[in-house]
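In each ligand, atom 1 is the first atom listed, and ligand 1 is the first ligand listed. Only heavy atoms go into these numbers, but all of them, side chains included; no hydrogens, no water, no symmetry mates.
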Amino acid sequence: MSPLQERIGARSMVFGFSQDKEVVAALARAGGVGILGAKRRTRQQLRAELSWIRDHADGGAYGVNLVFRSGGGSLPAPLPQRHLDFVAQLQRRFDIPAGSTEGSPHLDPTRGSIPELVEESVAGGARMVVSGLGVPEPEVRDLIRAGDVLYGATVGSPRHVKHHRAVGADFLVAQGSEAAGHVGSISTMVLVPQVVDAAGGLPVLAAGGVGDPRQVRAALALGAVGVWLGSTLLTTTESGLPAVLRRRLLAATSDDARLTRALTGQDERALRSAWTDAWQEDGAPPPLQPPLQAQLVHDTLVRIIDHELEALASVAVGEVVGMMAAEETVADLVERLGAGFDGPERA
Ligand SMILES: Cc1cc2nc3c(=O)[nH]c(=O)nc-3n(C[C@H](O)[C@H](O)[C@H](O)COP(=O)(O)O)c2cc1C
């Protein structure tokens, strides 16, 4: 058992990111480490969700993923008329009906402040706070340390490692370009060993493109001590992903996981759709900077899901989507991947 595994108290070094508390708790129960994606939560939402997870984790390990950089909180206005007109035009072109304006917490661009969310993470029993992007301010790092909680950091380049080592990271997540969401340009195969070399002995987890035991084995061969999942959790039984997206992901190929700025304004790998294609056509305006693009398209994306407009529906997903062919429980996924830690004969 690696020192990191001992400190965390997990049976398996399968970490997984999810915005669904049910998936996070299921990972913890299965012996892995569930990480709640909380960058868009308010303080009250995070408190309630961590309390639920604690009650459903059977003592297993869980943590919280946050984004440590400015740009959250209240949104600047107004949005450019050209962009508002383009969205209205897409609504007409694709017959996107009016829908509930209630919105989904997954798309909501507002959130609590970083110190508030860190305080709630510590109070809510998180064993680690993991940066998805950026380095925490010294006072935030102090809050994490004072809470006796580990600090992990996602890196997409070996150049980022020194910034997190300087603030005393306990482990690193090397996330390759094939992963879901906001990614760098270096693939997992090339990134992981470089991050291991730059880490000065800090444990490294491999993220991006892990969906079966062969990929777990590859991650360990590259020097990682465990793996960090994202995409494969979207189609687990416990995931709250709307049915229209679940159907699309189970049918998608790896080539359907494309880089787009149409959803949030930052380059992220997501399921190709008629919506993401439309933003790349001649005459389309360039997507707005975050968080404005999310504000611009939020209501329309909610309507697309509410009305099950399959061809338009998109979600962040990585290239491993081409290997996600059937729904499975989180426990089955963790067990299946566990074979990768045991040796080649169990391929
Ligand atoms: C729907 C979705 C949303 C994500 N959002 C974030 C995020 O907010 N912060 C973050 O650090 N990683 C985020 N990720 C990336 C995961 O943490 C993880 O690094 C990545 O999914 C691993 O690669 P894989 O998708 O090939 O499994 C997201 C992933 C998915 C599937």
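Among Ser231, Gly318, Ala179, the residue whose heavy atom lies nearest to atom 25 (O) of ligand 1 is Ser231.
Using a 4.0 Å cut-off to heavy atoms of Gly209, the atoms of ligand 1 that qualify are 24 (P), 26 (O). Using a 4.0 Å cut-off to heavy atoms of Gln175, the atoms of ligand 1 that qualify are 15 (C), 18 (C), 19 (O), 20 (C).
Using 4.0 Å as the threshold, Ala316 has a heavy atom nearer than that to some atom of ligand 1.
Protein heavy atom closest to atom 4 (C) of ligand 1, with residue, atom name and distance, is Phe17 CE2, 3.2 Å.
Between Ser131 and ligand 1, no pair of N/O atoms sits closer than 3.5 Å. On a distance-only criterion, Lys39 and ligand 1 share at least one N/O pair closer than 3.5 Å. The distance criterion of under 3.5 Å between nitrogen or oxygen atoms is met by Trp228 with respect to ligand 1. Considering backbone and side-chain N/O atoms, Asn65 comes within less than 3.5 Å of an N/O atom of ligand 1. Where the criterion is an N or O separation shorter than 3.5 Å, residue side chain and backbone included, Gly208 meets it with respect to ligand 1. The shortest N or O to N or O distance between Val210 and ligand 1 is not under 3.5 Å.
Salt bridge absent: Asp256 and Arg248 never bring a charged side-chain N and a carboxylate O closer than 4.0 Å.
The minimum heavy-atom distance between Glu22 and Glu238, with the atom names listed, is CB-O, 3.7 Å.
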